[in-house]
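We use all heavy atoms of the structure for the numbers below, so side chains are in, but hydrogens, waters and symmetry mates are not. Order of appearance sets the numbers: ligands from 1, and atoms from 1 within every ligand.
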Amino acid sequence: MRAAKATSGNLFANDPAFEVTAQTVSVLPPLPLAGPYDYLVPDGVSVAPGDFVEIPLGRQTQRGVVWGDAKGDVDPAKLREIFGVLPTPPMADVTRKFIDWVSAYTMAPQGAVLRMAMSVPDALEAPKPIFRFTLNPEFDAASLRMTPPRKRVLAFLADHPPMEQGDILRETGAGASVIKGLVEVGAVQRLMVTPPSPFEAPDLDIPRPDLSAEQNEAADALCARLDDGGFSCTLLDGVTGSGKTEVYFEPIRAALAQGKQVVVLLPEIALSAQWLQRFRDRFGVEPALWHSEVGQARRRDTWRAVADGSAKLVVGARSALFLPYHDLGLIVVDEEHEHAFKQEDGVMYHARDMAVTRAHLGNIPIVLASATPSLETLANVEAGRYQHVQLGSRHGVAVLPSVEIIDIRQDKPQRNRWITPTLKKRLAETFANGEQAMLFLNRRGYAPLTLCRACGHRFQCPNCTAWLVEHRAWGKLQCHHCGYQAKAPDACPSCGAEGKLAPCGPGVERLYEEAVETFPDIRVEVATSDNIMGPKAAAQLIDRVHNHEVDLLIGTQILAKGYHFPMLTLVGVVDADLGLAGGDLRAAERSYQLLTQVAGRAGRGDRPGTVMLQTADPANRVIKAIAAGDRDAFNEVELSQRMTHGMPPHGRLAALIISGKKESEVDEAAWRIGRVAPRGDGLMVLGPAPAPLSLLRGRYRRRFMIRADKSVKMQALIHDWLSKVKTPGSVRVQVDIDPYSFM
Ligand code: ADP
Ligand code: ZN
């Protein structure tokens, strides 16, 4: 056991009154503002770093993790004792290091990061044992007073392995008292067993599909990284439909064969029904799922099974990275370019970047997969930090779709209509051929804005700087930022005029109306996060499309990724300019990625596909790059622009978001912070400025943006900066390192 002698960092080290005699340790509780606190270890109790313990904290009992030696910053006479050690496998060293690292990088307190790793408090209790019953071989049955139910139970147990009470009762029709009686007289034994892990071991003997030469080579390269051992980061860069999933299944199999655990991060795990089916086909079992829709009991079992190592493969959203792995051997981040990997509240972290760190700390390989890798990742490839494995063609006979541009200034839709004559004609042809089509419009609801034609009043959210979106299906106006809802009125609340309220612009519901009117004989379905909620609904939608119960699918970005529909040959992008507006740092990149993903849904079977982009700006380089299929040219221009402005990946960014309920307090705090803003070479601080969402969920928001050269130690700089200002408790200061949202 570690000694608890005073160390040099101990404030009381030279004061004999404070000589430490008992053992002390630091314990980190999973609380948003907490760091590790010192505790005494009672006599006769032995603890080691990583142990889950129960501690007194204030007036409450808390649970935490032994983080290491005592810090020695509190008078030992005032320390309290830990209550005891919980029956949970200790948290691995690497997990604790990871939490410390993420905390230092994101500037979130360690307790806030630990909270993500301890999100299921119940899991810390030992699982309830289960009882099984079996015949006692020593028992002399002749001495037993026999009754028909007893006879049935004994006969049943003679034929079966130890069984649980419920099963015995159901099979024999006997009552619980019968079993109780048999146990009392000694005819039957009650055995206590630990419940088995709910996760079966993957079947590693299922033969792999025949991989193409190119796929084989890629799979071998990834498996070689695993054989090499140690850390490596490989970009698996393959066009949509090239079989990236089949390829990264091979290193997964290899890692599982070594007895290691594997985690796969997917951006929209709840909608990944097709991915899960492929996993089942390849490995014969269900993976352990980890995302917000997994129920509480299942979460508890999963957390424990990950901690004891019996869950071998975890598939999850970004939070799966913080599970307490027993022995993680490989990480895969699919669709690594996805912005959904950035968590925007609480601990603001990018799960892809943290995954690379986790792999580094664990000294294991990581695979990043994408058809449209992020510029950050491509820069790392270029710098030789990441390896590069490419898949240049689609699997089988499928070829990449051809892309056509429709200039909506020439080829005009009718008033309050959004489908151009050209697209309409192509849709008609597609349906006539018995094929399927998809219309992509990244806007939920009926119309993004409602306007009074009499007085010009616009419906705005009372809590946010945002218009209310009409959802005609529910008869409501809704804020997409805070969820505020109001009944859609008949009269204008401002001027009272009736029948003058007009929807402006299209949402998917409005597009649906147009599609049904234009093609009365075809079957149209809308898919957005409003109606496709969760894996079940997604799986049912996929079945309907596969069974060709749907001719035209209208949807938002939830349709952009992953889905594979062989009969879908035409994709119409209704407003290709939508993502380009707003002009944040990554608008062009993100738009390029999204449109490429959407386009990638077309022509995945043996019929070739077409993508039609409706745009008012055909000369835009994003539109041109997609039409030309020239990713490298696009990235080159984008990278050189970022270089010119010292933007990521060539420089570093951070944001400060100052928010509160009172506008004057927020302004005052922002002004004070601004007054002591750091200056220096290779550094630029912008702000304070009202955030584009200057009111969000009832909080006023001001922003600072910090741009720095790569050599600047951003966290230390911000730490120093903020330590110079005191802000009132009612004002929150959030630090966003590597921001992806500029709202
Ligand atoms: P990507 O993720 O690169 O877009 P997928 O992994 O989804 O591509 O593969 C596209 C489709 O091709 C999937 O239906 C997949 O099952 C199929 N596929 C890919 N490679 C093979 C293979 N070697 N054998 C059989 N089917 C394959
Ligand atoms: Zn709102």
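Polar contact with ligand 1: present for Gly241 (N/O pair, distance under 3.5 Å). Considering backbone and side-chain atoms together, Asp210 places an N or O closer than 3.5 Å to an N or O of ligand 1. Checked against a 3.5 angstrom limit, the closest N/O atoms of Gly238 and ligand 1 fall outside it.
A cation-pi arrangement is not found for Arg601 relative to Tyr563, the charged atom failing to lie both closer than 6.0 Å to the ring centre and inside a 45° cone about the ring normal. By the 6.0 Å and 45° rule, Arg282 does not stack over the aromatic ring of Phe249.
More than 12 heavy atoms of other residues, nucleotides or ligands lie within 6.0 Å of CD in Gln277, so this atom counts as buried by the packing criterion.
Contact check on Lys536 versus Glu293 returns no salt bridge, with no Lys/Arg side-chain nitrogen under 4.0 Å from an Asp/Glu carboxylate oxygen. Salt-bridge check for Arg631 with Asp237: passed, with a basic side-chain N closer than 4.0 Å to an acidic carboxylate O. Lys342 has a carboxylate O that lies under 4.0 Å from a charged side-chain N of Asp736, or vice versa, which qualifies the two as a salt bridge.
Close to ligand 1: Val239, with a non-hydrogen atom less than 4.0 angstrom away. The closest approach between Arg394 and ligand 1 stays at or above 4.0 Å for every heavy atom of the residue.
With sequence neighbours left out, Arg458 forms a salt bridge (charged side-chain N to carboxylate O under 4.0 Å, His left out) with no residue at all.
In this structure the side chain of Met348 never reaches within 4.5 angstrom of the side chain of Val735, judged on heavy atoms.
Atoms of ligand 1 found under 4.0 Å from any heavy atom of His564, numbered from 1 in the order shown, are 11 (C), 14 (O). Short contacts between ligand 1 and Ser242, defined as distances under 4.0 Å to a heavy atom of the residue, involve ligand atoms 1 (P), 3 (O), 8 (O). Ligand 1 places these atoms under 4.0 Å from at least one heavy atom of Arg278: 5 (P), 6 (O), 7 (O), 9 (O), 13 (C), 15 (C), 16 (O). Below 4.0 Å from some heavy atom of Leu211 lie the following atoms of ligand 1, by number and element: 23 (N). Ligand-side atoms of ligand 1 in range of Thr240: 4 (O), range being under 4.0 angstrom from any heavy atom.
Without hydrogens or angle criteria, Asn531 side chain to Thr528 main chain gives a donor-acceptor distance under 3.5 Å. Judged purely by atom type and a 3.5 angstrom limit, Gln436 has no side-chain atom pairing as donor or acceptor with the backbone of His546. Without hydrogens or angle criteria, Glu214 side chain to Gly392 main chain gives a donor-acceptor distance under 3.5 Å. Checked by atom type and distance alone, the side chain of Asn442 pairs as donor or acceptor with a backbone atom of Gln557 at under 3.5 Å.
Residue nearest to atom 12 (O) of ligand 1, selected from His395, Gln274, Arg604: His395 (by heavy-atom distance).
Contact annotation for Lys244 and ligand 1: heavy atoms of both the backbone and the side chain come within less than 4.0 Å of the ligand.
Distances under 2.8 Å from the Zn ion (ligand 2) pick out the protein N/O/S atoms Cys461 SG, Cys464 SG, Cys479 SG, Cys482 SG.
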